[in-house]
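Positions are given from 1, in the same order as the sequence printed here.
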Amino acid sequence: MGHFWTLICHLHTLAGPVTMLLYPLYASVVAIETTDKLDDEQWLAYWIFYSFLTLMEMVLQHVLEWIPIWYDVKLIFVAWLVLPQFRGAAFIYDNFVRERIIKRYRESSQHHINKSPKGKSKTKFVDFITPKKGEHEAY
């Protein structure tokens with residue numbers, strides 16, 4: 001029983017990096033190479049949520065140390081985000097995040113239209129970070 005338990009502990013230790021990093025990295029590279037936008041959305045959303053979760057863990061580290069099952073809960077949650085049967089990351093983004101971004105963008109656009117001296121506003125949410133045509137040719 002001792003060797004079996006040791007094997008289970010090692011598998012449990014490897015499950016986190018494989019589920020949270022290795023498989024998502026592989027799937028992200030595959031998504032980049034396909035023309036399907038659904039897998040792009042899934043993996044972009046996953047990396048956003050994983051980054052947020054990692055930052056929250058860093059901030060709440062001292063509290064989470066007192067929760068003995070935190071690693072298991074995190075592993076189950078991340079597995080739900082990652083596994084293609086569930087597409088949890090895309091689900092959360094579609095049902096919760098997208099609505100708030102669109103709502104905030106509309107409010108921001110209305111605010112800019114009312115405050116703008118010439119009545120002009122940005123037409124896209126991310127105009128300030130997207131390159132204009134011809135800008136990338138200088139590199």
**Asked** Between Gln42 and Phe91, is there a donor-acceptor pair closer than 3.5 Å when you use the side chain of the first and the backbone of the second?
**Response** no
**Message:** Under the rule for side chain to side chain contact (heavy atoms under 4.5 Å, CB included), what residues qualify as partners of Ala15, not counting sequence neighbours?
**Reply:** Leu75
**Asked** Of the options Thr54, Leu44, Ile92, Val78, which is the one that meets Phe49 in a side chain to side chain contact (heavy atoms under 4.5 Å, CB included)?
**Response** Ile92
**Message:** Going by the rule ring pair (Phe, Tyr, Trp, His ring centres under 6.0 Å), which residues pair with Tyr71 if we only count those two or more places apart in sequence or in a different chain?
**Reply:** His12
**Prompt:** Looking at side-chain heavy atoms only, is the closest gap between Arg98 and Glu41 below 4.5 Å?
**Reply:** yes
**Complete:** Distance col, row Ile32:CD1 vs Asp39:CG, nearest 0.5 angstrom, shows 10.0 Å
**Item:** Arg87 (side chain) donor-acceptor with Leu38 (main chain) under 3.5 angstrom
**Value:** yes
**Request:** With the side chain counted from C-beta on, respond yes when Tyr26 and Leu21 share a heavy-atom pair under 4.5 Å apart, and no when they do not.
**Result:** no
**Request:** Check whether any side-chain N or O of Thr34 sits under 3.5 Å from a backbone N or O of Ala31 as a donor-acceptor pair, and report yes or no.
**Result:** yes
**Message:** With rounding to the nearest 0.5 angstrom, report the CG to OG1 distance, Asp40 to Thr35.
**Reply:** 9.0 Å
**Message:** Quiz question: by atom type and distance under 3.5 Å, do the side chains of Glu57 and Trp70 form a donor-acceptor pair?
**Reply:** yes
**Message:** Minimum heavy-atom separation for Tyr23 and Trp43, please, with both atom names.
**Reply:** CE2-CH2, 3.8 Å
**Prompt:** Do you reckon Ile76 sits in the same ILVMFWY cluster as Met20, going by side-chain contacts under 4.5 Å, direct or chained?
**Reply:** no
**Asked** Which of parallel (below 30°), tilted (30 to 60°) and perpendicular (above 60°) describes Tyr46 and Tyr50?
**Response** parallel
**Prompt:** Under a 4.0 Å N-O cut-off, is there an ion pair linking Glu99 with Arg104?
**Reply:** no
**Item:** Same apolar cluster (I L V M F W Y, side chains within < 4.5 Å links), Leu53/Phe96
**Value:** yes
